[in-house]
Amino acid sequence: MGLLEDQWGRVANDLRLSLIDKCNLRCTYCMPAEGLDWLGKNELLSASEAVRIADIGVRLLGIREVRFTGGEPLVRADLANIIGDLRGLHPDLPMSITTNGIGLEKKIDKLVDAGLNRINVSLDTVCPETFAKITRRDRLPHVLRGLEAAAAAGIHPIKINAVLMRGVNDDQAGELLDWSLRHGFQLRFIEQMPLDADHEWTRSGMVTAGEVRERISEDFELRPQSEPRGSAPAELWDVRPLAAQGSEEKADVLGQVGIIASVTEPFCEACSRTRVTADGKIRSCLFSHEETDLMAALRDGSSDEQIADIWRAAMWAKPKAHGQTKVGLGTPGFVQPDRSMSAIGG
């Protein structure tokens, strides 16, 4: 088996496969208020094409897990069919979705029956007013009901992805962590990245991982986990009650929190991800300016082996870091990709 190696010695085995560019929220750090020009139905990967891509990745290229993304993957009416068909081919493959949780309440049982293992839910606050300000939609109750249904369906772990924004929700880090711990969810704070469609991100304006730790430490004690991080994007911390800080006695661990510091503490040298967009383009790096077309090969009669060769060649050219030859989001010389996060897939 020829793996998805790159010229810097990394091997990609984690596929992020976007199924649609549409979303039913308008988060300020991702999409403009009026939305974007959506892909036409024939421009999107069909269900069978999405399954074929994932199958080729697993069978011929060493992919070990698949996460379906968007846009919002729950918008795809055939999501359960895609998961079910891939599960039929690969019974032990870890499969997850990244979702905003809207509609999950009604769909989770069918998704679990199809073979879904895990979910990541984007949720930046549990304050209704702040949620409406960030997402430009008043739909927090829908998200919370979706999370409750996922837990009832036995999904584990359930991860919460949160972005803190200065002057918007950066004073709510402790509240969100407390809520996540009480509900048994695994919270991940993600540094805001320059992938917004409005191109308003600035490095000086973002909330850094160091600041996130400071905010959390106002309410909890954090101790770094000792287990090797591997290629995981999140650095994990054990969370203990603040009253235990400085005590010789070991207080009970309340849970864990992860911090993904893509900007200030980058982890590109350990990146194991490969992405395919909803219109069938390989993105070897989240911040790439180049894409490789798989859609044409999917539709012109190319064999699975030929498609695998295209994929390998694309990944061999993967940039060293942040879409360039060095790390440095927002530093001189960095150019933000044309596609926003919703059009790439997280």
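Quick note: residue numbers are just sequence positions, from 1.
L111 and L17 fall within a single hydrophobic cluster, where Ile, Leu, Val, Met, Phe, Trp and Tyr are joined by side-chain heavy atoms under 4.5 Å apart, directly or via other members. Residue V212 is not grouped with residue L236 when hydrophobic side chains (ILVMFWY) are merged at heavy-atom distances under 4.5 angstrom, including chains of intermediate members. Follow the hydrophobic side-chain contacts under 4.5 Å out from V75 and you never reach L25; the two are in separate clusters. In this structure, I307 is a member of the same hydrophobic cluster as L89, with clusters built from ILVMFWY side-chain heavy atoms closer than 4.5 Å. Hydrophobic clustering of Ile, Leu, Val, Met, Phe, Trp and Tyr side chains at less than 4.5 Å, counting indirect connections, unites I102 with L19.
Enclosure of atom NZ in K107 by more than 12 non-hydrogen atoms of other residues, nucleotides or ligands within 6.0 angstrom is indicated. Residue E49 places its CD atom among more than 12 non-hydrogen atoms of other residues, nucleotides or ligands, all under 6.0 Å distant. Enclosure of atom CD in E235 by more than 12 non-hydrogen atoms of other residues, nucleotides or ligands within 6.0 angstrom is indicated. By the neighbour-count criterion of 12 heavy atoms within 6.0 Å, atom CG of D338 is sparsely surrounded, having that number or fewer from other residues, nucleotides or ligands.
For the atom pair OG1 (T277) and CG (L45), the distance works out to 7.0 Å, reported to the nearest 0.5 Å. From R26, atom CZ reaches atom CZ of R136 across 9.0 Å, with rounding to the nearest 0.5 Å. Once rounded to the nearest 0.5 Å, the distance linking CD1 of I63 with CD1 of I56 reads 11.5 Å. To the nearest 0.5 angstrom, T99 atom OG1 is 13.5 Å from F68 atom CZ. In this structure, CG in D21 is found 6.0 Å from CH2 in W38, a value given to the nearest 0.5 Å. A distance of 13.0 Å separates CD in Q192 from CZ in R203, rounded to the nearest 0.5 Å.
Under the 3.5 Å distance criterion, with hydrogens and angles disregarded, a donor-acceptor pair is assigned to the side chains of T274 and W311. Judged by distance alone, the side chains of R275 and S18 never bring a donor and an acceptor atom under 3.5 Å apart. Checking T130 against Q172 by side-chain atom types alone, a donor-acceptor pair falls below 3.5 Å.
Of all heavy-atom pairs between G115 and I83, the closest is C-CG2, 3.9 Å. Considering every non-hydrogen atom in both A297 and I310, the closest pair reads CB-CD1, 3.7 Å. The shortest non-hydrogen separation linking L93 to R64 is CD1-O, 3.4 Å. Among all heavy-atom pairs drawn from A278 and L39, the shortest one is CB-CD1, 4.2 Å. Residue S217 comes nearest to L222 through the heavy atom pair OG-CD1, 4.1 Å, listed as atom of the first residue, atom of the second, then distance. Smallest separation of non-hydrogen atoms from I108 and A153: CG1-CB, 3.9 Å.
Side-chain atoms of D300 come within 3.5 Å of backbone N or O of S302 as a donor-acceptor pair. The backbone N or O of D124 lies less than 3.5 Å from a partner atom in the side chain of N169, making a donor-acceptor pair. The backbone N or O of G84 sits nowhere less than 3.5 Å from a side-chain atom of N81 that would complete a donor-acceptor pair. Side-chain atoms of R215 come within 3.5 Å of backbone atoms of D170 as a donor-acceptor pair (strictly under, hydrogens ignored). Using modelled atom types, one side-chain atom of H322 and one backbone atom of S262 make a donor-acceptor pair closer than 3.5 Å. At distances below 3.5 Å, not a single donor-acceptor pair connects side-chain atoms of R76 with backbone N or O atoms of L79. Distance alone, capped at 3.5 Å, is enough to place a donor-acceptor pair between the N117 side chain and the M95 backbone.
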TODO: Please lay out, stage by stage, how E191 and T264 fare under the test side-chain hydrogen bond (donor to acceptor under 3.5 Å, both in side chains).
DONE: CA-CA 8 Å; E191 284 186 334; T264 62; 2.5 Å; yes

Open item on the list: Would L242 and F220 count as a side-chain contact (heavy atoms from CB on, under 4.5 Å) here? Give the steps.
Closed with: CA-CA 4 Å; L242 192 59; F220 299 96; 5.7 Å; no

TODO: Take E269 and W8 through the test side-chain contact (heavy atoms from CB on, under 4.5 Å) and record every step on the way to the result.
DONE: CA-CA 8 Å; E269 71 278 0; W8 311 102; over 6 Å; no

- [ ] Carefully, step by step, assess Y29 and D198 under the rule side-chain hydrogen bond (donor to acceptor under 3.5 Å, both in side chains).
- [x] CA-CA 8 Å; Y29 53 81; D198 289 327; over 6 Å; no

Task: Step-by-step side-chain contact (heavy atoms from CB on, under 4.5 Å) determination, V335 to H289 - done: CA-CA 9 Å; V335 178; H289 294 280; 3.8 Å; yes

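P337 is listed as a side-chain neighbour of L195, based on a closest heavy-atom distance under 4.5 Å. Proximity of F287 to P319: side-chain heavy atoms (C-beta onward) are nowhere separated by under 4.5 Å. Side-chain contact check for L144 versus L123: some heavy-atom pair is nearer than 4.5 Å. With contacts defined as side-chain heavy-atom distances shorter than 4.5 Å, the pair T69/P73 does not qualify. Taking the side chain as every heavy atom from C-beta outward, I97 and N120 never approach each other to under 4.5 Å. Side chains of V121 and N100 form no contact here, defined as non-hydrogen atoms less than 4.5 Å apart. Counting heavy atoms from C-beta outward, C285 and R273 have side chains that stay 4.5 Å or more apart. Looking at I53 and L298, their side chains come closer than 4.5 Å, going by heavy atoms from C-beta outward.
A salt bridge does not link R339 to E290: none of the charged side-chain nitrogens sits closer than 4.0 Å to a carboxylate oxygen. Electrostatic pairing of R240 and D252 does not count as a salt bridge here, judged by no charged N lying under 4.0 Å from a carboxylate O. Using a 4.0 Å cut-off between charged nitrogen and carboxylate oxygen, K320 and D6 do not count as a salt-bridge pair. Using a 4.0 Å cut-off between charged side-chain N and carboxylate O, R223 and D238 make no salt bridge. Of the charged side-chain nitrogens involved, at least one lies within less than 4.0 Å of a carboxylate oxygen, so that D14 and R16 count as a salt-bridged pair. The pair D309-R312 counts as a salt bridge, with a side-chain nitrogen and a carboxylate oxygen less than 4.0 angstrom apart.
Among R10, Q7, R283, the one residue that satisfies the side chain to side chain contact (heavy atoms under 4.5 Å, CB included) test with K318 is R10. Of the residues listed (I119, L147, V143), the one engaging L104 in a side chain to side chain contact (heavy atoms under 4.5 Å, CB included) is I119, and it is the only one. Shown are E72, R118, R67; of these, the side chain to side chain contact (heavy atoms under 4.5 Å, CB included) with T98 is made only by R67.
Ring orientation note: the planes of W179 and F185 are tilted relative to one another, at an angle of 30° to 60°.
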Side-chain donor-acceptor pairs of residues 157-168 under 3.5 Å, sequence neighbours excluded:
{"residue": "R166", "atom": "NE", "partner": "G205", "partner atom": "O", "Å": "3.3"}
{"residue": "R166", "atom": "NH1", "partner": "E211", "partner atom": "OE2", "Å": "2.9"}
{"residue": "R166", "atom": "NH2", "partner": "M206", "partner atom": "O", "Å": "2.5"}
{"residue": "R166", "atom": "NH2", "partner": "E211", "partner atom": "OE1", "Å": "3.0"}
{"residue": "R166", "atom": "NH2", "partner": "E211", "partner atom": "OE2", "Å": "3.4"}

